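One structure is given here, and the rest of the page talks about it.
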Amino acid sequence: MPEILERLPNGNLKAWVNTGDITREEFDALELPDNWIKNQPREDGGAGPGGISSRFLRSPEAIEGEFTLEELFGFLWLHAATVVEIGVPIGGDGELTAVRVRKYHEYTVEAGSPILLLVSPEGDAYFRNGRDATRTVDEPTLPDSWRLVDYTPTDTLIIELFDETLVIRTDNQDSFQGPVPGLP
């Protein structure tokens, strides 16, 4: 899903996802003003093929079920998330970077569909929800005591990333979000 980020005067970033009316070629050709950023092309973050779907339940400032929609640069975009803190300290020597994001995002992982988890030294699990489509390295470098865990739920798993979520990027630009309670 193509995404653009609007840099706000308070330093936050407003994430807008396209509603489906833009092609990859049109997205690549977009010329944005200085206070806008294109997010890199992303692909599904599951550990393998399987049934993983997601949906936004509302825009961050809206009430349940409502979305902020705007026509921007000739296309329709949905306000999906707001980055409220950049450079969240998470340890290590720069192998991981983190931001705090406000959003209402639900993932459904069908039984038997493998996912990849990033597990902190404290045991917090973060679900890999996206990968850089242009990455050149599959395996990230992790700080001491952090680990990757393949996990396959035996029942349908609903992951609710509501209100504030930590988004962790590894050095190969895999994106993990959470923490997700109840996961190993």
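Model, not experiment: these values are computed from the prediction.
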Worksheet item: Under a 4.5 Å cut-off applied to non-hydrogen side-chain atoms, are Leu30 and Asp28 in contact?
Response: no
Discussion item. Side chains of Glu3 and Trp16 only: does a donor on one sit below 3.5 Å from an acceptor on the other?
Written reply: no
Fill in: Side-chain ion pair, Asp174 and Arg169, N-O less than 4.0 Å
no
Worksheet item: Side-chain contact, heavy-atom cut-off 4.5 Å: Asp150 with Leu116?
Response: yes
Worksheet item: Going by an N to O cut-off under 4.0 Å, is there a salt bridge joining Glu106 and Arg55?
Response: yes
Discussion item. Grouping I, L, V, M, F, W and Y whenever their side-chain heavy atoms are under 4.5 Å apart, do Phe75 and Trp36 come out in a common cluster?
Written reply: yes
Worksheet item: Counting N and O atoms only, with roles assigned by atom type, does the side chain of Asn18 sit under 3.5 Å from a partner on the main chain of Trp77, one being a donor and the other an acceptor?
Response: no
Discussion item. So which atom in Ser113 and which in Pro153 form the shortest heavy-atom distance, rounded to 0.1 Å?
Written reply: O-CD, 3.2 Å
Item to complete: Determine, step by step, whether Glu85 and Glu164 satisfy the side-chain contact (heavy atoms from CB on, under 4.5 Å) criterion, reporting the C-alpha distance in whole Å, the side-chain angles of both residues, the deciding distance to 0.1 Å, and the verdict.
Response: CA-CA 10 Å; Glu85 184 181 358; Glu164 288 197 5; over 6 Å; no
Fill in: Leu57: hydrophobic cluster co-members (side-chain, 4.5 Å)
Tyr104, Phe162
Worksheet, complete the sentence: To the nearest 0.5 Å, atom CG of Leu5 lies from atom CG of Leu13 at 5.5 Å
Worksheet item: Do Glu95 side-chain atoms and Asp93 backbone N/O form a donor-acceptor pair below 3.5 Å?
Response: yes
Discussion item. Does any part of the side chain of Lys14, heavy atoms only, come nearer than 4.5 Å to the side chain of His79, both counted from C-beta?
Written reply: yes
Worksheet item: In this structure, which one of Ile115, Ile159, Asp124 forms a side-chain contact (heavy atoms from CB on, under 4.5 Å) with Val180?
Response: Ile159
Worksheet item: Are side-chain heavy atoms of Arg58 and Ile63 found at a separation under 4.5 Å?
Response: no
Item to complete: State, with a plain yes or no, whether a side-chain heavy atom of Leu69 is found less than 4.5 Å away from one of Leu76.
Response: yes
Worksheet entry | From Glu25 atom CD to Ile22 atom CD1, the distance as rounded to the nearest 0.5 Å | 10.0 Å
Discussion item. Is it true that, when you exclude Asn10 itself, more than 12 heavy atoms of the residues, nucleotides or ligands shown sit nearer than 6.0 Å to its CG?
Written reply: yes
Worksheet item: Are side-chain heavy atoms of Val167 and Phe176 found at a separation under 4.5 Å?
Response: no
Practice prompt. Examine Leu148 and Leu96 and state if one hydrophobic cluster contains both, with Ile, Leu, Val, Met, Phe, Trp and Tyr joined whenever side-chain heavy atoms are less than 4.5 Å apart.
Written response: yes
Worksheet item: If you take all heavy atoms of Ala81 and Pro60, which pair is closest and at what distance?
Response: CA-CG, 3.7 Å
Worksheet item: Could you walk me through whether Leu118 and Trp146 pass the side-chain contact (heavy atoms from CB on, under 4.5 Å) check?
Response: CA-CA 7 Å; Leu118 175 65; Trp146 286 77; 3.7 Å; yes
Item to complete: Please check if any side-chain donor atom of His105 sits under 3.5 Å from a side-chain acceptor atom of Gln177, or the reverse.
Response: no
Worksheet item: Under 6.0 Å between ring centres, would you say that holds for Phe127 and Tyr107?
Response: yes
Discussion item. Could you measure the distance from the CZ atom of Phe56 to the CG atom of Leu78? Nearest 0.5 Å is fine.
Written reply: 7.5 Å
Practice prompt. Answer whether the closest heavy-atom distance between the side chains of Ile37 and Leu32 falls below 4.5 Å.
Written response: no
Worksheet, complete the sentence: The reported gap from OG1 in Thr170 to CG in Leu142 (rounded to nearest 0.5 angstrom) is 7.5 Å
Worksheet item: Can a salt bridge be assigned to the pair Arg131 and Asp138 using a cut-off of 4.0 Å between side-chain N and carboxylate O?
Response: yes
Worksheet item: Are Leu117 and Leu161 joined in one hydrophobic group, where the rule is that I, L, V, M, F, W and Y side chains link up if heavy atoms are under 4.5 Å apart?
Response: yes
Discussion item. Could you check whether Thr82 and Asn12, counting side-chain N and O atoms only, form a donor-acceptor pair closer than 3.5 Å?
Written reply: no
Practice prompt. Determine, stepwise, if the pair Ile4 / Asn39 fulfils side-chain contact (heavy atoms from CB on, under 4.5 Å).
Written response: CA-CA 6 Å; Ile4 55 178; Asn39 202 352; over 6 Å; no
Worksheet item: Going only through I, L, V, M, F, W and Y residues with side-chain contacts under 4.5 Å, is there a path from Val84 to Val99?
Response: no
Worksheet item: Does the side chain of Pro114 come within less than 4.5 Å of Tyr151's, by heavy atoms?
Response: no
Worksheet item: Where do Ile168 and Ile90 land on the side-chain contact (heavy atoms from CB on, under 4.5 Å) test, with the steps shown first?
Response: CA-CA 9 Å; Ile168 299 173; Ile90 53 173; 3.9 Å; yes
Worksheet entry | From CD1 (Ile52) to CD (Glu110), nearest 0.5 Å | 9.5 Å
Discussion item. Taking Phe27's backbone N and O only, do any of them form a donor-acceptor pair with Lys38's side chain (distance below 3.5 Å, no angle check)?
Written reply: yes
Worksheet entry | Donor-acceptor pair between Ser59 and Glu66 side chains, under 3.5 angstrom | no
Response to the item:
In terms of heavy-atom contacts, Pro140 and Asn172 come closest through CB-OD1, 3.6 Å
